[in-house]
Amino acid sequence: LLLPSVALEQKAKQYVNTVLKSNVIAVMMRLEWILAYSDMPRQEVQMCVLKALRDVKMFRAKFPSSIPFIISDLERYGTHTLNKTLENTRYQLAEEIARYVQDQISELYHHDWSHEQWEKELYRIGGDIEDSGYIAQLERTIASQADCLVLVGGGNFQELALSYYIERHKHMKDKCVSIWCAGEKTATFKKML
């Protein structure tokens, strides 16, 4: 397994130490990916998200001072697979679900910052590099360093983040990971490591 570069590792640690300043629960949501490449009904997508949020709460009990770090393919540096036109109801659904998750997590953790502020600080610490691939690598590196990892949606990007996480936490007997909606056909399913 080829791990991220030393420079990327340092930027990730800098973000965690200066912005998050706590234990981290990384929440990686591939909502746009699910909605672009599967025919999963809205209710099933929402159920996956609700169950993932339940796991975030459960992991918070394990790490009471933890802070969530939300990674979504719908944000500024996301994949932009779906067309953002008003006619595209799948994209609107993905955005609606992502905002719901952000609101729920903000309420749970009483954040003073908006998700956009977290993202702006990530961009600044990342070196002000306007490259979605670089920012995605930085986010994945932060996720692999997290105390807990919650994955929704699947795909190669999340598989690599999970591999990094497992390698980084190989000394831990019980990994703090949950995976939702990441089956072969993106069926609702959960796996705990």
Side-chain angles (χ1 to χ4, degrees), residues 1-4 12 16 20 23-63 66-75 77-79 81-82 90 93-105 108-109 115 118 135-193:
L1 178 66
L2 183 61
L3 293 173
V16 170
L20 300 175
N23 292 331
V24 177
I25 299 173
V27 183
M28 296 182 78
M29 298 183 306
R30 298 291 312 274
L31 297 174
E32 187 181 30
W33 191 85
I34 289 173
L35 293 167
Y37 298 109
S38 80
D39 57 356
M40 184 183 289
R42 172 191 184 113
Q43 297 81 6
E44 201 168 329
V45 175
Q46 288 174 321
M47 187 56 64
C48 288
V49 168
L50 289 173
K51 290 178 179 178
L53 286 172
R54 185 196 63 206
D55 287 348
V56 170
K57 291 176 186 176
M58 177 184 70
F59 293 153
R60 184 155 191 245
K62 185 173 181 174
F63 297 100
S66 61
I67 296 285
F69 176 66
I70 303 171
I71 303 164
S72 172
D73 54 1
L74 292 169
E75 302 304 331
Y77 299 105
T79 58
T81 303
L82 295 173
R90 298 291 275 179
L93 172 60
E95 276 196 324
E96 181 184 313
I97 293 170
R99 290 289 167 212
Y100 171 79
V101 169
Q102 290 168 4
D103 290 347
Q104 291 297 306
I105 287 180
L108 181 65
Y109 293 94
H115 185 73
W118 293 105
I135 296 297
Q137 296 297 326
L138 182 56
E139 289 176 329
R140 185 169 55 197
T141 303
I142 293 168
S144 72
Q145 294 174 359
D147 298 286
C148 297
L149 183 59
V150 178
L151 304 174
V152 178
N156 293 335
F157 187 79
Q158 286 191 356
E159 287 177 18
L160 193 52
L162 178 61
S163 295
Y164 290 169
Y165 176 89
I166 290 170
E167 176 64 25
R168 215 175 287 293
H169 296 81
K170 60 186 171 191
H171 62 281
M172 291 174 55
K173 182 179 177 188
D174 295 320
K175 311 290 186 285
C176 187
V177 175
S178 74
I179 305 168
W180 290 97
C181 295
E184 204 170 283
K185 296 189 182 204
T186 318
T188 304
F189 116 117
K190 178 185 180 185
K191 176 181 179 183
M192 294 284 284
L193 297 180

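The structure displayed is predicted, hence computed values, not measured ones.
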Quick check for you: to the nearest 0.5 Å, what is the distance between C176 atom SG and F63 atom CZ? 5.5 Å

Over all heavy atoms of both residues, which pair between D174 and K62 is shortest? Give the atoms and the distance, please. O-NZ, 4.1 Å

Please report the shortest heavy-atom distance between D147 and Y165, naming the atom on each side. O-OH, 2.9 Å

I need the minimum non-hydrogen distance between Y164 and L3, along with the two atoms involved. CD2-CD2, 3.7 Å

Taking C-beta and beyond as the side chain, do I67 and F69 meet within less than 4.5 Å on heavy atoms? no

So CG of L162 and CG of L151: to nearest 0.5 Å the spacing works out to 6.0 Å

Side-chain donor/acceptor of H169 to backbone N/O of C148, under 3.5 Å: no

To the closest 0.5 Å, what do you measure between CG (L53) and CE (M29)? 8.5 Å

Residue set satisfying salt bridge (charged side-chain N to carboxylate O under 4.0 Å, His left out) with K173, at least two apart, ordered chain then number -> none

So, taking the atom named CG in L149 and the one named CD1 in I166, what distance separates them when rounded to the nearest 0.5 Å? 9.0 Å

Tightest non-hydrogen contact, residues A146 and V24, listed as CB-O, 3.5 Å

Side chain to side chain donor-acceptor pair (under 3.5 Å) partners of S144, counting only residues at least two apart: R168

Can you tell me how far CG of D55 sits from NZ of K51, rounded to the nearest 0.5 angstrom? 10.0 Å

Mind listing the closest non-hydrogen atom pair of G155 and R30 along with its distance? CA-NH1, 4.3 Å

Grab the two heavy atoms, one from R60 and one from I25, that are nearest each other, plus how far apart they are. N-CD1, 3.8 Å

Got a donor-acceptor contact below 3.5 angstrom from the Q158 side chain to the M28 backbone? yes

Full working for side chain to side chain contact (heavy atoms under 4.5 Å, CB included) between E44 and M47: CA-CA 5 Å; E44 201 168 329; M47 187 56 64; 5.5 Å; no

With rounding to the nearest 0.5 Å, note down the distance linking CD in E139 to CD1 in I70. 11.0 Å

